[in-house]
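Report on the structure given below.
The chains referred to below are lettered A, B, ... by the order of the sequence lines, with proteins before strands, and numbering in each begins at 1.
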Amino acid sequence: MAEYSCLIVEDSPMMRQLLVFALARVKNLHVTEADDGVDGLRKLASARYDIIVTDINMPIMDGLKLVKRVRSDPAHKDTPIVIITTEGSQEDRQRALQLGANAYITKPIQAPQVIATVKELLKID
Amino acid sequence: MTNSNTSDSPPPDLKRQRDEFLQNFTQGARLTEEFVREYDRVNARVRELEAENGLLRARIEEEDVLREMLQKITALEQEKRDLLSRFEKAEAASSAFSERFEEVENEFANLANLFVASNQLHSTLTPRRVVRRIKEVMAQLVGAERYAVYMRSPERTELVPIAWEGVEAGVLGPVASDDERFRDVTASGKAQVPEGAPTQGSVEQPAAVLPLTVDEESVGAIAIFSTLPQKTRFETIDFELFKLLGQHAAAALVSASLFEQAGRKLPGLEAFVDLSV
């Protein structure tokens, strides 16, 4: 059975905890948490991740900058990225998708939707 | 001369015999011919009958094969029906299992939401952070767009807004404890959720009002004026979250405020003496 790793980049401890709880339902998926974009990039530089789930609105470095930086790095140019946005932020969502994000989830997040999106991108049955 | 002619002619007896013989011979020849014809005819009929017999035998054999094939088809059709029936049963069982699995997954997600909400509310003793966590729960888990958190004044005459989202500060202000929007909720300690789309609520007619209690005493309320556009109705999990917020939000807020007032000093051991029941 293949093992997968996921990096969650989210400044809200509550959202992080919710995402960790949701993704704990995906077998063989190991989750790492990052507080913001800078922390996320630091973690991406030191380990390989199969998928990234990131919030858009974060201090220090937001999700859009993170998506841009990740896509410009040859080591992660193909890593699937899921962005988490609020319903009203269509512009951010479009921008993130243009920058190379693969999918988006709208807040308030629903665990089954998070699981389904991650499984689909990782091609897990 | 007469004798000569007479001597050439056969005697009458012979002539008669000859005629009889010729007659018999002719009849025999005719009979033989008839026999030969009859033989040919019978022979042809025999061949016809043999051919007919062959055809009939082949047809019977074909019919046997056909009957056997029909029996096989009947058996296969029965087998197909059995398999379809088993497949339908398996599909129904699989569908029931999938539905149950989905229910369990949703239940798990709901429990996770409740756990996370409770955990987050009590994971800090800074009033500002508690308020931020309450706001996160309201926005991320309940899906509230416009709401306000009210605490009761020490005189118990007013409810004072201490935190809000999506509304102008000037719109809100202290309201009388017996304000009709809050009166029943603070008296009964039970959430009030009027019928109608929660997206369409307003400050004057909130989509939901939740009591905030500490030790079963009402100390405030949360008014949800309206929800996010995609949150078109409250689900079972929302009512569970309302209960959780009612019982935990105020307790967390009061604890954090008392801790702040105490200069963020942990109480001495004497505070925990004789607590065991």
Exercise. Under a 4.5 Å heavy-atom cut-off, does chain B meet the side chain of A:I109, its backbone, both or neither?
Worked result: backbone

For this session: Mind telling me whether B:F97 and B:F101 have parallel, tilted or perpendicular rings, with 30° and 60° as the class edges?
Result: parallel

Problem set entry | Flag side-chain contact, heavy atom, 4.5 Å: A:V82 against A:I105 | yes

Problem set entry | Side-chain donor or acceptor of A:E10 paired with backbone N/O of A:S12 under 3.5 Å | yes

Problem set entry | More than 12 heavy atoms of other groups within 6.0 Å of B:D82 CG | yes

Side chains of residues 114-122 of chain B: which donor-acceptor partners sit under 3.5 Å, not counting sequence neighbours?
| residue | atom | partner | partner atom | Å |
| --- | --- | --- | --- | --- |
| B:N119 | OD1 | A:Q17 | NE2 | 3.2 |
| B:Q120 | OE1 | B:R133 | NH1 | 3.3 |
| B:Q120 | NE2 | A:Q17 | OE1 | 2.6 |
| B:H122 | NE2 | B:H248 | ND1 | 2.8 |

Problem set entry | Donor-acceptor pair, side chain of B:S177 and main chain of B:E158, under 3.5 angstrom | yes

Exercise. Can a cation-pi geometry be assigned to B:R264 and B:F259, taking NZ or CZ under 6.0 Å from the six-membered ring centre and within 45° of the ring axis?
Worked result: no

Seminar exercise, completed: Contact list (residues 136-148 of chain B to chain A, heavy-atom gap under 4.5 Å, by number) returns B:E136, B:V137, B:A139, B:Q140, B:L141, B:G143

For this session: Measure A:P13 against the heavy atoms of chain B and call it side chain, backbone, both or neither at under 4.5 Å.
Result: both

